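Values reported hereafter were calculated over all heavy atoms of this structure, with side chains retained and with hydrogens, waters and symmetry mates removed. This structure is a prediction, so every number in the text was calculated from the model and none was measured.
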Amino acid sequence: MVCQPGRVTTRIATANVLYKLPRYDARHALDLVLAEEPDLVGLQEWYVVRLPLLRPTGSVRVAPGPVTVPGGSRFQWVTGLGGGNVVGARADRYDLLASRQPWLSLPGPTDRTDRLLNLEPPREATVGVFADREAGDTVALISYHLVSGAVRGASYRSDRPRLVRRHRHEVARLDDLVGELQADGHRVYAVGDSNHHLQRLTGLTSAWEDREPAPTCGRQTLDDVHGPGDATGLRLVTTPSDHLAVVVDRP
């Protein structure tokens, strides 16, 4: 999609698709997001058991290894064996160059009482690096899902110091990852569920910048598409999930 001569617009979507959804609802959520005709897509809570639901729309690379599961021709997807984060790119515009699944945090003690052995599970991001044939550069797309339970309203919880430290650590690790990819010369987008109202990332601009925030889950604005410069358009998409999908146009 070209908004003016010599300037290419990229449409990016992010969607947290609740892991408890039945297969039909999960696939319907995906269809609703793809109906927005995004160039790049990030999914959260899309664990490897849902890999077959991606295949009708594209091939699936399982990061960090070289294994690719053949599928439809519309998208190139990158998933991992854990983490639940997926990135995808239109196959007619992008070529997949590299993929990986960096750790944002390791297993550790938690303040929550509902975790097995009182341990918080690890968090991983999924990264795909693509050659953009229309823009003539390379793009790195990060999908992330940060630890939950550290925030009440728009502020960190004083009664959950372990979760607060973990969330801050994950944000710092995500900031470092953005910086590393930018230093490698890529145009970087980071999309996902921060589990913190209007979380900002260093080196990128929130899609909500200079916009009235709208709730994407409950009463909070948790889902975002961070990228270089200001977003030129933003809309929310209702799906069967408990989160609204966010679709953003960026130069």
Step by step, work out the side-chain contact (heavy atoms from CB on, under 4.5 Å) result for R112 and L163. CA-CA 8 Å; R112 295 175 57 165; L163 282 172; 3.4 Å; yes

Judged by atom type as modelled, is there a donor-acceptor pair below 3.5 Å linking the side chain of [X] to the main-chain atoms of [Y]?
{"X": "R27", "Y": "L54", "value": "no"}
{"X": "Q182", "Y": "G203", "value": "yes"}
{"X": "D175", "Y": "T202", "value": "yes"}

Spacing of [atom1] belonging to [X] relative to [atom2] belonging to [Y], to within rounding of 0.5 Å:
{"X": "T79", "Y": "Q101", "atom1": "OG1", "atom2": "CD", "result": "7.0 Å"}
{"X": "N16", "Y": "D223", "atom1": "CG", "atom2": "CG", "result": "6.0 Å"}
{"X": "T221", "Y": "R211", "atom1": "OG1", "atom2": "CZ", "result": "12.5 Å"}
{"X": "T110", "Y": "R160", "atom1": "OG1", "atom2": "CZ", "result": "7.0 Å"}
{"X": "F130", "Y": "Q76", "atom1": "CZ", "atom2": "CD", "result": "6.5 Å"}
{"X": "L104", "Y": "L177", "atom1": "CG", "atom2": "CG", "result": "7.0 Å"}

Say whether [X] and [Y] are linked into one hydrophobic cluster, either directly or through other cluster members, by side-chain heavy-atom distances under 4.5 angstrom.
{"X": "L234", "Y": "V41", "result": "no"}
{"X": "V129", "Y": "V178", "result": "yes"}
{"X": "W208", "Y": "L244", "result": "yes"}
{"X": "V225", "Y": "V237", "result": "no"}
{"X": "L222", "Y": "L18", "result": "no"}

Set out, in order, the CA-CA distance, both residues' side-chain angles and the distance that settles side-chain contact (heavy atoms from CB on, under 4.5 Å) for L198 and R200, then state yes or no. CA-CA 6 Å; L198 292 174; R200 297 304 198 248; 3.7 Å; yes

Do you see a donor-acceptor pair shorter than 3.5 Å between the side chains of [X] and [Y]?
{"X": "S105", "Y": "E170", "value": "yes"}
{"X": "R90", "Y": "T10", "value": "no"}
{"X": "D193", "Y": "H145", "value": "yes"}
{"X": "Q199", "Y": "S194", "value": "no"}
{"X": "S148", "Y": "N195", "value": "no"}

Minimum heavy-atom distance between [X] and [Y], given as atom pair plus value:
{"X": "R23", "Y": "V49", "value": "NH1-O, 4.1 Å"}
{"X": "P240", "Y": "L32", "value": "CD-CD1, 4.1 Å"}
{"X": "A26", "Y": "L53", "value": "CB-CD1, 4.0 Å"}
{"X": "P107", "Y": "R166", "value": "C-NH2, 3.5 Å"}
{"X": "V164", "Y": "A150", "value": "CG2-O, 3.7 Å"}
{"X": "T138", "Y": "H186", "value": "OG1-ND1, 2.7 Å"}

[X] vs [Y] side-chain heavy atoms within contact, under 4.5 Å:
{"X": "V246", "Y": "D224", "result": "no"}
{"X": "I142", "Y": "L181", "result": "yes"}
{"X": "V86", "Y": "T126", "result": "no"}
{"X": "L96", "Y": "V78", "result": "yes"}
{"X": "L30", "Y": "L43", "result": "yes"}
{"X": "V188", "Y": "E180", "result": "no"}
{"X": "V248", "Y": "H226", "result": "no"}
{"X": "V127", "Y": "P102", "result": "yes"}

Over 60° means perpendicular and under 30° means parallel, so classify the ring planes of H196 and H167, tilted if in between.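 The arrangement is tilted - the two ring planes meet at 30° to 60°.
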
The criterion is ring pair (Phe, Tyr, Trp, His ring centres under 6.0 Å); which residues satisfy it with Y19, sequence neighbours excluded? none

Test of understanding: with ring pair (Phe, Tyr, Trp, His ring centres under 6.0 Å), list the residues that count as partners of Y144, not counting sequence neighbours. none

Are [X] and [Y] ion-paired here, with the side-chain N under 4.0 Å from a carboxylate O?
{"X": "E36", "Y": "R235", "value": "yes"}
{"X": "E124", "Y": "R173", "value": "no"}
{"X": "D39", "Y": "R11", "value": "no"}

Considering only residues two or more places apart or on different chains, which pairs with a residue in residues 29-75 satisfy ring pair (Phe, Tyr, Trp, His ring centres under 6.0 Å)? F75-W77

Determine whether Y189 and V139 satisfy the following criterion, side-chain contact (heavy atoms from CB on, under 4.5 Å), listing intermediate values before the conclusion. CA-CA 8 Å; Y189 301 101; V139 173; 3.7 Å; yes

Applying side-chain contact (heavy atoms from CB on, under 4.5 Å) between L40 and each of D132, T14, L141, report the one that passes.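 When side-chain contact (heavy atoms from CB on, under 4.5 Å) is applied between L40 and each of D132, T14, L141, only L141 qualifies.
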
So which of R168, R165, R123 actually passes side-chain contact (heavy atoms from CB on, under 4.5 Å) with V147?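 Running side-chain contact (heavy atoms from CB on, under 4.5 Å) over R168, R165, R123 with V147 returns exactly one hit, R123.
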
Would D249 and T232 count as a side-chain hydrogen bond (donor to acceptor under 3.5 Å, both in side chains) if you check the C-alpha gap in whole Å, the side-chain angles of each, and the deciding distance to 0.1 Å? CA-CA 6 Å; D249 292 333; T232 57; 4.9 Å; no

Would you say NE2 of H169 has more than 12 non-hydrogen atoms from neighbouring residues, nucleotides or ligands within 6.0 angstrom?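 Counting other residues, nucleotides and ligands, NE2 of H169 exceeds 12 neighbours.
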
V33 vs H28, side-chain contact (heavy atoms from CB on, under 4.5 Å): CA-CA, chis, key distance, verdict: CA-CA 9 Å; V33 172; H28 183 48; over 6 Å; no

Would you check, one step at a time, whether the test side-chain hydrogen bond (donor to acceptor under 3.5 Å, both in side chains) holds for T68 with R61? CA-CA 4 Å; T68 299; R61 168 75 64 85; 2.9 Å; yes

